[in-house]
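What follows is a set of notes on a single structure, which appears directly below.
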Amino acid sequence: MTIEQKLKSVVRDIIDFPKEGIVFKDITPILKDPGLCREIVDEYVRQLEGIHIDEVAAIESRGFFFGVLIAQRLNVPFVPIRKKGKLPYKTIAQSYKLEYGEAIIEVHEDAIVPGQSVLIHDDLLATGGTVGAAAKLIEKLGAKVEAVSFLIELDFLNGREKLKACSENIISLIRYP
Ligand SMILES: O=P(O)(O)OC[C@H]1O[C@H](OP(=O)(O)OP(=O)(O)O)[C@H](O)[C@@H]1O
Ligand SMILES: Nc1ncnc2[nH]cnc12
């Protein structure tokens with residue numbers, strides 16, 4: 001089985017979560033398979049070959065699962081981007097819309113060294129609102145979004161079109177039309 005087939009066989013559809021009309025992609029079964037988790041990180045590293053990354057920034061909460069693992073494997077710092085009110089030091093904030101609501105994310109103002117090349121990681125690309133907001137935070141801190149990575153991309157919500165303005169390197173391991 002390819003990694004794509006393995007991932008598609010374990011990701012669960014949860015109907016009407018967290019709101020009616022949403023088909024929620026539940027990635028928690030992936031986390032129960034340590035071999036698959038290793039393969040996922042291997043695959044990201046393979047797809048990032050030739051792309052220079054200084055830091056990995058990932059988005060609360062599901063972006064954290066693989067964000068830390070990718071940063072460890074690349075041997076670069078990890079930067080948490082969190083929902084409003086969770087980070088203890090001075091922050092900068094950005095509001096955004098997502099498939100099922102609105103939110104504000106924040107990052108510590110000293111989290112990223114200006115001029116660095118950053119990989120933004122999240123579990124899923126839907127409308128692109130969340131990662132678009134994360135990219136604005138990275139850019140406000142004077143760094144460059146070198147690549148963005150996801151486990152899952154929902155093609156029908158056209159997030160990729162929105163993200164093309166943020167980075168030319170968009171990696172997703174599985175896509176749903
Ligand atoms: O592309 P978008 O339309 O912005 O949607 C994608 C975002 O939505 C989900 O996060 P959610 O806000 O549900 O938070 P969670 O990871 O804490 O569950 C998902 O983990 C992405 O971060
Ligand atoms: N359909 C979906 N499943 C899981 N996470 C999401 N984030 C935004 N849309 C989502």
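Numbering of ligands and ligand atoms starts at 1, following listing order. Bear in mind that the values here come from a model prediction, so they are computed numbers and not experimental data.
Ligand 1 places these atoms under 4.0 Å from at least one heavy atom of Glu60: 16 (O), 17 (O). The atoms of ligand 1 that sit less than 4.0 Å from any heavy atom of Glu99 are 3 (O). For ligand 1, the atoms lying closer than 4.0 Å to a non-hydrogen atom of Lys83 are 11 (P), 12 (O), 14 (O), 15 (P), 17 (O). Every atom of ligand 1 with a heavy atom of Asp123 under 4.0 Å away is listed here by number and element: 19 (C), 20 (O), 21 (C).
Judged by distance alone, with hydrogens and angles left aside, the side-chain atoms of Asn169 form a donor-acceptor pair with the main-chain N or O of Glu146 at under 3.5 Å. Without hydrogens or angle criteria, Ser172 side chain to Arg175 main chain gives no donor-acceptor distance under 3.5 Å.
Below 3.5 Å of separation, one finds no N or O of Tyr96 facing any N or O of ligand 1. Checked against a 3.5 angstrom limit, the closest N/O atoms of Ala126 and ligand 1 fall inside it.
Closest to atom 1 (O) of ligand 1 by heavy atom, among Ala134, Gly128, Ala58, Gly101, is Gly128. By heavy-atom distance, the residue among Asp122, Leu163, Thr130 lying nearest atom 21 (C) of ligand 1 is Asp122.
Cation-pi geometry between Lys8 and Tyr176 is met: the NZ or CZ atom falls under 6.0 Å from the ring centre, inside 45° of the normal.
Ser61 OG, 3.5 Å is the protein heavy atom nearest to atom 15 (P) of ligand 1. The protein non-hydrogen atom at the shortest distance from atom 6 (C) of ligand 1 is Leu124 O, 3.5 Å. Considering only non-hydrogen protein atoms, atom 12 (O) of ligand 1 sits nearest to Leu98 CD1, 3.1 Å. Summary of contacts: the protein heavy atom closest to atom 3 (O) of ligand 1 is Thr127 OG1, 2.5 Å. Shortest contact from atom 9 (C) of ligand 1 to any protein heavy atom: Arg62 NH2, 3.2 Å. Closest to atom 13 (O) of ligand 1 among all protein heavy atoms lies Tyr100 OH, 2.5 Å.
Proximity of the aromatic rings of Phe64 and His121 is defined here by a centroid distance below 6.0 angstrom, and this criterion is not met.
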Step-by-step salt bridge (Lys or Arg N to Asp or Glu O under 4.0 Å) determination, Arg46 to Glu49 | CA-CA 5 Å; Arg46 196 184 65 75; Glu49 258 168 41; over 6 Å; no

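Taking both residues in full, the closest heavy atoms of Leu151 and Tyr44 are given as N-OH, 3.1 Å, listed atom of the first, atom of the second, then distance. Counting all heavy atoms, side chain and backbone alike, Val76 lies closest to Glu55 at CG2-CA, 4.0 Å.
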Distances for all N or O pairs of ligand 2 and the protein under 3.5 Å?
{"from": "ligand 2", "atom 1": "1 (N)", "to": "Val23", "atom 2": "O", "distance (Å)": "2.9"}
{"from": "ligand 2", "atom 1": "1 (N)", "to": "Glu99", "atom 2": "OE1", "distance (Å)": "3.1"}
{"from": "ligand 2", "atom 1": "3 (N)", "to": "Lys25", "atom 2": "N", "distance (Å)": "2.9"}
{"from": "ligand 2", "atom 1": "5 (N)", "to": "Arg62", "atom 2": "NH1", "distance (Å)": "3.2"}
{"from": "ligand 2", "atom 1": "7 (N)", "to": "Tyr100", "atom 2": "OH", "distance (Å)": "3.2"}
{"from": "ligand 2", "atom 1": "9 (N)", "to": "Glu99", "atom 2": "OE1", "distance (Å)": "2.4"}

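Counting heavy-atom neighbours within 6.0 Å of Glu20 CD, excluding the residue itself, gives a total of 12 or less. Few gaps surround NZ on Lys140; more than 12 heavy atoms of other groups in view lie less than 6.0 Å from it. Around the NZ atom of Lys83, the shell of radius 6.0 Å holds more than 12 heavy atoms that belong to other residues, nucleotides or ligands.
Aromatic ring pairs are classed by plane angle as parallel below 30°, tilted from 30° to 60° and perpendicular above 60°; the pair Phe17 and Phe24 is perpendicular.
If you take NZ on Lys25 and CG on Leu124, they are separated by 8.5 Å, rounding to the nearest 0.5 Å.
Ligand 1 does not have Gly159 within reach: every non-hydrogen atom of the residue lies 4.0 Å or more from it.
Side chain to side chain, Thr28 and Asp26 meet the donor-acceptor criterion of an N or O pair below 3.5 Å.
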